[in-house]
Amino acid sequence: SGACRQETWGQCPEAGSITTFSNGDTPQIGVTYRGLDFSYHKYKKYTAGSVAYRAGLFKTQDEAIWWCAKHCNDDVKCMTYTAHTDCCSAGCEGECYLHGKWLCDHASEFKKESIGAKSIFSGACRQETWGQCPEAGSITTFSNGDTPQIGVTYRGLDFSYHKYKKYTAGSVAYRAGLFKTQDEAIWWCAKHCNDDVKCMTYTAHTDCCSAGCEGECYLHGKWLCDHASEFKKESIGAKSIFSGACRQE
């Protein structure tokens, strides 16, 4: 089928029950917590309503919470959210903070002083999907008829699906900024894909001379749907093109 599902569905409830968070609890994915206030820095903030001006308010506190949960669910980059609410007789205003990590970089830490607060809510909507592409080691020569496997580096595999991001490094023409070896250029591209939760596959194009190698790195946001596994047959056998699948939908 050519129809694609979202790579990682957000699992935060957008309605329903709310659990009171206590010190010592371990937050679980898909649970809404009252009094949990993630301290990790936000990458995006949304605001809605103004108590001071009695304008644009949510009718209930729950509406503000689920509004924030939906922002995180709808953003593939969002691991966790924190909603701050302020309510009056006319309704509630909301501030919504989206966090890009949860299980690494100390992003699961929270503000102990917020435990017990009745105006702060958080949830974990996704967890990190670690890229599985090798960043060193052996390289397999791709042949027509092969089915690419996740976690294998292929020489002569050139995914034809459109890129959503491109990185370049080095210039053979100017002998500047070059990788010392072709392998360095390949692993540099693999790492870009591993480090980006949106990246399913990568393709690295290299150009080498006696001084070193330049690299172009293409990241692809799909693999097993939307014909994204298709490749350029004319590139089979090429010794300067490499690809790998780091995640699957």
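Basis for what follows: all heavy atoms, side chains included, without hydrogens, waters or symmetry-related copies. Numbering of residues begins at 1 and proceeds along the displayed sequence.
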Item to complete: Before giving the answer on disulfide bond (SG atoms under 2.5 Å apart), spell out for C12 and C72 the whole-Å C-alpha distance, their side-chain angles and the decisive distance to 0.1 Å.
Response: CA-CA 8 Å; C12 281; C72 192; 5.3 Å; no
Closest contact, heavy atoms only, [X] versus [Y]:
X: F21; Y: I115; answer: O-CG2, 3.8 Å
X: E214; Y: S171; answer: OE1-CA, 3.2 Å
X: L103; Y: Q127; answer: CD1-CB, 3.8 Å
X: D226; Y: K222; answer: OD2-NZ, 3.8 Å
X: G244; Y: F159; answer: O-CE1, 4.1 Å
X: Q248; Y: M200; answer: C-SD, 3.8 Å

Worksheet entry | K198 to Y164 six-membered ring, cation-pi geometry met (6.0 Å, 45°) | yes
If two hydrophobic side chains count as joined below 4.5 Å and joins carry through other members, does [X] share a cluster with [Y]?
X: F121; Y: W66; result: yes
X: Y33; Y: I18; result: no
X: L178; Y: Y167; result: no
X: L98; Y: Y40; result: no

With rounding to the nearest 0.5 Å, note down the distance linking [atom1] in [X] to [atom2] in [Y].
X: D74; Y: E14; atom1: CG; atom2: CD; result: 6.5 Å
X: H71; Y: N73; atom1: NE2; atom2: CG; result: 11.0 Å
X: K165; Y: C199; atom1: NZ; atom2: SG; result: 9.0 Å
X: F110; Y: D37; atom1: CZ; atom2: CG; result: 10.0 Å
X: L157; Y: T203; atom1: CG; atom2: OG1; result: 6.5 Å
X: T32; Y: I65; atom1: OG1; atom2: CD1; result: 7.5 Å

Discussion item. Could you walk me through whether K191 and Y202 satisfy the side-chain contact (heavy atoms from CB on, under 4.5 Å) test, starting with their C-alpha distance in whole Å, then the side-chain angles of each, then the deciding distance to 0.1 Å, before giving a yes or no?
Written reply: CA-CA 10 Å; K191 179 171 172 53; Y202 73 87; over 6 Å; no
If we ignore hydrogens and angles and just use 3.5 Å, is the side chain of [X] paired with the main-chain N or O of [Y] as donor and acceptor?
X: S114; Y: G35; answer: no
X: S160; Y: E230; answer: yes
X: T181; Y: E184; answer: yes
X: T20; Y: R34; answer: no
X: R126; Y: D75; answer: yes
X: Q61; Y: K118; answer: yes

Item to complete: Identify, with sequence neighbours excluded, every residue that meets ring pair (Phe, Tyr, Trp, His ring centres under 6.0 Å) alongside H84.
Response: Y97
Discussion item. Using the rule given for disulfide bond (SG atoms under 2.5 Å apart), can you reason through C208 versus C213, listing the C-alpha separation, both sets of side-chain angles and the distance that settles it, and then say yes or no?
Written reply: CA-CA 4 Å; C208 300; C213 296; 1.9 Å; yes
Item to complete: Using the six-membered ring wherever Trp is involved, compare the ring planes of W188 and F179 and label them parallel, tilted or perpendicular (cut-offs 30° and 60°).
Response: tilted
